[in-house]
Asker: 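Please find one structure pasted underneath; my questions will follow.
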Amino acid sequence: EAEVAQSPRYKITEKSQAVAFWCDPISGHATLYWYRQILGQGPELLVQFQDESVVDDSQLPKDRFSAERLKGVDSTLKIQPAELGDSAMYLCASSTHRGFPYEQYFGPGTRLTVT
Amino acid sequence: AQTVTQSQPEMSVQEAETVTLSCTYDTSESDYYLFWYKQPPSRQMILVIRQEAYKQQNATENRFSVNFQKAAKSFSLKISDSQLGDAAMYFCAYRSPYTGTASKLTFGTGTRLQVML
């Protein structure tokens, strides 16, 4: 069964360093989401792609976060510089236009710890 | 904006017993989708069950069923014959019926379910 892949699974970085996460969605899924899940809370959307275009990045802290999906397939989320408050689980999800109702499939997440 | 509230941070159930997890939401939309997701420790989030708001019939998936009360904006999950593998965080989520920018999921804060032997 096809799955969303994410790497790394765990990342420890120091404050002010740069960090990057990678996501490979299920093949053929045009929509890709990055969510941030702070401990004890539900996931919140950071950015949504439709193919290679950003359709929602209203909650992305653009002064330090960036996201790209250059060929409309895999995606990278970057944080520079990292801050202590960025410690969280970063989840990637993908969905297709086909099928009802556009169910989102989640990857295993990247757990980021900023020290 | 839509909000989702899960008022039970933790619940426990005896193996083989039944447990109900609560969820309420707030929206001005008349059509939408509601979901329950399960997040086991160190594993990815998976869809447990979904409900279309225009359907009056409550969704069921094997041992999982929902009680959808549209007027009360309530969407509870019932797990029957609980198994050890049901232990996880459970998230209630809301989604607008549209594509594009409105297709994101809005999640509650989750309920941690423990299953006791």
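The chains referred to below are lettered A, B, ... by the order of the sequence lines, with proteins before strands, and numbering in each begins at 1. Computed from heavy atoms alone, side chains included, the values below leave out hydrogens, waters and symmetry copies.
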Asker: For B/L105, which atoms come within 4.5 Å of any heavy atom of chain A: side chain, backbone, both, or neither?
Answerer: both
Asker: Cluster question for you: counting only ILVMFWY and a side-chain heavy-atom cut-off of under 4.5 Å, with indirect links fine, are A/L32 and A/W22 together?
Answerer: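 Each belongs to a different hydrophobic cluster.
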Asker: Does NZ belonging to B/K78 count more than 12 external heavy atoms closer than 6.0 Å?
Answerer: no
Asker: Under 4.5 Å heavy-atom distance to chain B, tell me which part of A/E3 shows up: side chain, backbone, both or neither.
Answerer: side chain
Asker: Would you say that more than 12 heavy atoms from the other residues, nucleotides or ligands in this model lie under 6.0 Å from the CG of A/L39, or not?
Answerer: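 No, not enclosed.
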Asker: Should the heavy atoms of other residues, nucleotides or ligands under 6.0 Å from CD of A/Q80 be counted, would the total exceed 12?
Answerer: no
Asker: Which region of A/Q37, side chain (C-beta onward) or backbone (N, CA, C, O), has a non-hydrogen atom less than 4.5 Å from a non-hydrogen atom of chain B, or is it both or neither?
Answerer: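 The side chain, not the backbone.
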Asker: Are there over 12 heavy-atom neighbours, none belonging to A/K62, within less than 6.0 Å of that residue's NZ?
Answerer: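 Atom NZ in A/K62 is crowded, with more than 12 foreign heavy atoms closer than 6.0 Å.
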Asker: Does atom CZ of B/R43 have more than 12 heavy-atom neighbours from other groups under 6.0 Å away?
Answerer: no
Asker: Assess whether side-chain contact (heavy atoms from CB on, under 4.5 Å) is satisfied between B/Q44 and A/V4, documenting all intermediate values.
Answerer: CA-CA 9 Å; B/Q44 63 254 55; A/V4 176; over 6 Å; no
Asker: Can you tell me how far the CG atom of A/L46 sits from the NZ atom of B/K104, to the nearest 0.5 Å?
Answerer: 10.5 Å
Asker: Tell me whether the count of non-hydrogen atoms from other residues, nucleotides or ligands lying under 6.0 Å of CD1 in B/I46 goes above 12.
Answerer: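 Atom CD1 in B/I46 is crowded, with more than 12 foreign heavy atoms closer than 6.0 Å.
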Asker: Could you pull out the closest heavy-atom pair between B/F107 and A/P43, with the gap in Å?
Answerer: CD1-O, 3.3 Å
Asker: If we only count heavy atoms from C-beta on, is the A/Q104 to B/F35 side-chain gap below 4.5 Å?
Answerer: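 They are not in side-chain contact.
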Asker: Distance from A/E103 atom CD to B/R50 atom CZ, nearest 0.5 Å?
Answerer: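 Reported value, rounded in 0.5 Å steps: 5.0 Å.
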Asker: Around B/Q8, counting heavy atoms of other residues, nucleotides and ligands shown, do more than 12 lie under 6.0 Å from its CD?
Answerer: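 Enclosed: over 12 neighbouring heavy atoms sit under 6.0 Å from CD of B/Q8.
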Asker: What part of A/F49 gets closer than 4.5 Å to chain B, counting heavy atoms only: side chain, backbone, both or neither?
Answerer: neither
Asker: Chain A heavy atoms under 4.5 Å from B/Q6: which part of the residue, side chain, backbone, both or neither?
Answerer: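 Neither part; nothing is under 4.5 Å.
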Asker: Should we count CG of A/D63 as having more than 12 external heavy atoms under 6.0 Å?
Answerer: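 Above 12, so yes.
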Asker: What's the separation between atom CZ in B/R95 and atom OG in A/S95, rounded to the nearest 0.5 Å?
Answerer: 7.0 Å
Asker: For A/Y105, is it the side chain, the backbone, both or neither that has a heavy atom under 4.5 Å from a heavy atom of chain B?
Answerer: neither
Asker: Counting only heavy atoms closer than 4.5 Å, note whether A/R9 contacts chain B via side chain, backbone, both or neither.
Answerer: side chain
